[in-house]
Amino acid sequence: MIKRNVMLVVGGDFGDEGKGKIVSYIAKAYDYRHVARGGGGTNAGHTVVYNGKICPVRMIPSGFVNPNAQLYIGRGVAVDRDVLLGEIKRYEVDGRVWVDRLCPIIERRHIDEDRGPYNKTVLNTTGTGTGPAQLERVKRTANLRFAKDIDSLKPYLADVGERLYDAIERDEKVLGEGTQGTFISNYGFEFGDKSTYPEGVTTKDTTAGTLCADIGIGPTTVESVVVVFKSIASKVGNGPFPNEITDLERLKYIEENGQQEYGTVTGRKRRMGDFDYDRARIAMQRNGGTIVALTKLDALFPEVQGQRYYNNLTGDAMYHIRRLEDESGSAVVFIGTGPEVDDMVDRRMFNYTRK
Ligand code: GTP
Ligand code: MG
């Protein structure tokens with residue numbers, strides 16, 4: 001019998017929905033002992049705000065805030081060893097980090113290529129070398145190195161899929177952490193006559209199906225799929241962005257009210273947009289989503305800042321949540337009300353399911 005002990009967390013929009021916050025909260029509140037990161041590589045940055053400290057992570061899983069958690073980097077992820085070793089030191093997680101032996105390694109040449117003219121201007125990538133390293137894996141060139149070839153990574157090597165399988169067999173819960181968002185999947189999306197491919201997409205597919213493969217588990221071990229949305233949408237890089245806010249007055253308001261976002265990896269100003277219920281519905285379908293998480297409700301409705309009880313949410317905020325439930329067909333279970341890990345309304349604690 002296959003045991004279903006895995007929860008996946010994926011982005012429902014263009015990335016930066018706040019997966020870092022949702023994963024860190026769940027890992028801590030539900031004491032997940034195994035947290036595994038999938039995705040492309042250092043091109044994604046999760047932000048965890050813990051005890052007032054802003055902790056950006058580009059390699060280790062956001063679940064590090066649970067000191068009981070083993071932290072895994074799945075085989076699908078391209079590894080930048082300097083970034084990884086830097087984070088292990090900074091967040092003092094040595095001894096509980098595991099890197100799959102077959103993670104491809106990002107080298108200087110990949111970073112240089114990623115900062116070359118095409119990637120920089122046409123694709124407007126993060127310049128982290130993730131795409132070129134992943135491309136080399138696909139091309140199967142002889143000079144690509146893997147984690148197992150790097151001396152400084154020797155203490156961390158593992159077969160991540162095998163370890164997670166063993167945990168699942170022991171009835172231990174596993175949390176899978178996706179990066180980026182549904183609508184920047186390499187497979188592309190069409191919005192009317194505009195396609196996200198090629199300028200608007202990242203190197204890999206970004207949905208829950210690929211997250212399983214990235215961390216080395218089979219889809220039948222998955223018990224639930226949390227799809228994360230942000231109350232105000234954002235996008236980095238080029239490509240179509242329906243509902244993008246272009247009105248200068250509104251953008252000025254956004255900047256002045258602290259709603260403007262800047263990239264975790266690049267510091268670039270993110271393009272901002274209004275919440276798009278249509279996209280939310282599509283994202284739930286493509287990921288087989290069972291639970292909705294909504295972050296930054298406080299950015300839209302400052303009066304909910306720091307709230308932890310659903311019944312304390314006010315009229316317009318409540319309307320937004322109810323509408324999202326109707327459009328997505330799933331329960332909005334986790335609701336972010338501030339940047340800190342614990343600024344969260346958690347209806348799962350009260351066994352909430354949508355009627
Ligand atoms: P990628 O993997 O790169 O897609 O990133 P991500 O989904 O982890 O999101 P990221 O951390 O890059 O961006 C989300 C931003 O929103 C961060 O600055 C978070 O600190 C912030 N954030 C997340 N949830 C909340 C919330 O509920 N309230 C507030 N005020 N900020 C939040
Ligand atoms: Mg991010």
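First listed ligand is number 1; within each ligand, the first listed atom is number 1.
- Close placement of the F191 and F183 rings is indicated, their centers lying within 6.0 Å of each other.
- At a heavy-atom cutoff of 4.0 Å, ligand 1 is contacted by no atom of I54, backbone or side chain.
- Only the backbone of Q180 comes within 4.0 Å of ligand 1, counting heavy atoms alone; no side-chain atom from C-beta on gets that close.
- Counting heavy atoms only, G45 comes closest to atom 5 (O) of ligand 1 of the residues G45, A299, G178.
- Where the criterion is an N or O separation shorter than 3.5 Å, residue side chain and backbone included, G18 meets it with respect to ligand 1.
- Heavy atoms only, all atoms of each residue included: G39 and T179 are closest at CA-OG1, 3.4 Å.
- Within ligand 1, the atoms closer than 4.0 Å to a non-hydrogen atom of A44 are 2 (O), 3 (O), numbered from 1 in the order shown.
- A cation-pi contact, defined as under 6.0 Å to the ring centre and within 45° of the axis, is absent between R271 and F241.
- Considering backbone and side-chain atoms together, T295 places no N or O closer than 3.5 Å to any N or O of ligand 1.
- In this structure, the side-chain hydrogen bond (donor to acceptor under 3.5 Å, both in side chains) partners of R145, at least two apart in sequence or on a different chain, are E107.
- Distance check, rounded to the nearest 0.5 Å: SG of C55 to OH of Y91 gives 5.0 Å.
- A side chain to side chain donor-acceptor pair (under 3.5 Å) with S185 is found for one member of T210, T207, D205 and no other, namely D205.
- Atom numbering of ligand 1 starts at 1 in the shown order; those under 4.0 Å from a heavy atom of G20 are 8 (O).
- Distances below 4.0 Å separate heavy atoms of T179 from the following atoms of ligand 1: 2 (O).
- Interface of G15 with ligand 1, defined as ligand atoms under 4.0 Å from a residue heavy atom, comprises 4 (O).
- A side-chain donor-acceptor contact under 3.5 Å links E177 and H46.
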Legend entry - Steps toward side-chain contact (heavy atoms from CB on, under 4.5 Å) verdict (R163, Y72): CA-CA 9 Å; R163 280 185 188 245; Y72 305 88; 3.9 Å; yes
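- By the 6.0 Å and 45° rule, K269 does not stack over the aromatic ring of Y262.
- Not a single heavy atom of D343 sits closer than 4.0 Å to an atom of ligand 1.
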Inset, instruction - Walk me through it: do V292 and E325 pass the test side-chain contact (heavy atoms from CB on, under 4.5 Å)? - result: CA-CA 8 Å; V292 173; E325 292 202 322; over 6 Å; no
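- Y30 and F334 have perpendicular rings, their planes meeting at more than 60° on a 0 to 90° scale where under 30° would count as parallel.
- For the Mg ion (ligand 2), protein N/O/S neighbours under 2.8 Å (waters excluded) are D16 OD1, G45 O.
- Residues Q180 and N43 form a side-chain contact, since some pair of their non-hydrogen atoms from C-beta on lies under 4.5 Å apart.
- The heavy-atom pair separating V35 from P61 by the smallest distance is O-CG, 3.5 Å.
- Interface atoms of ligand 1 facing G336, defined by a heavy-atom separation under 4.0 Å, are 27 (O).
- Given atom 28 (N) of ligand 1, the protein heavy atom at minimum distance is D298 OD1, 2.8 Å.
- In terms of polar-atom proximity, K296 is counted as a contact of ligand 1, with an N or O under 3.5 Å from an N or O of the ligand.
- Taking 4.0 Å as the cut-off, G338 counts as a neighbour of ligand 1 on heavy-atom distance.
- Every atom of ligand 1 is numbered from 1 in the order shown, and the set under 4.0 Å from a heavy atom of T337 is 27 (O).
- Remark: minimum distance from atom 14 (C) of ligand 1 to any protein heavy atom is reached at D16 O, 3.5 Å.
- Summary of contacts: the protein heavy atom closest to atom 2 (O) of ligand 1 is H46 CE1, 2.9 Å.
- Heavy atoms of T47 found under 4.0 angstrom from ligand 1 belong to the backbone as well as the side chain.
- Remark: minimum distance from atom 13 (O) of ligand 1 to any protein heavy atom is reached at R270 NH1, 3.3 Å.
- The option with the heavy atom closest to atom 24 (N) of ligand 1, from among R37, K21, Q259, is K21.
- Using a 4.0 Å cut-off between heavy atoms, E177 makes no contact with ligand 1 at all.
- No side-chain donor-acceptor contact under 3.5 Å links E199 to the backbone of G237.
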Inset, instruction - Determine, stepwise, if the pair D100 / I73 fulfils side-chain contact (heavy atoms from CB on, under 4.5 Å). - result: CA-CA 6 Å; D100 196 282; I73 298 178; over 6 Å; no
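- For the pairing with K28, the side chain to side chain donor-acceptor pair (under 3.5 Å) check across D342, N68, N66 returns one residue only, D342.
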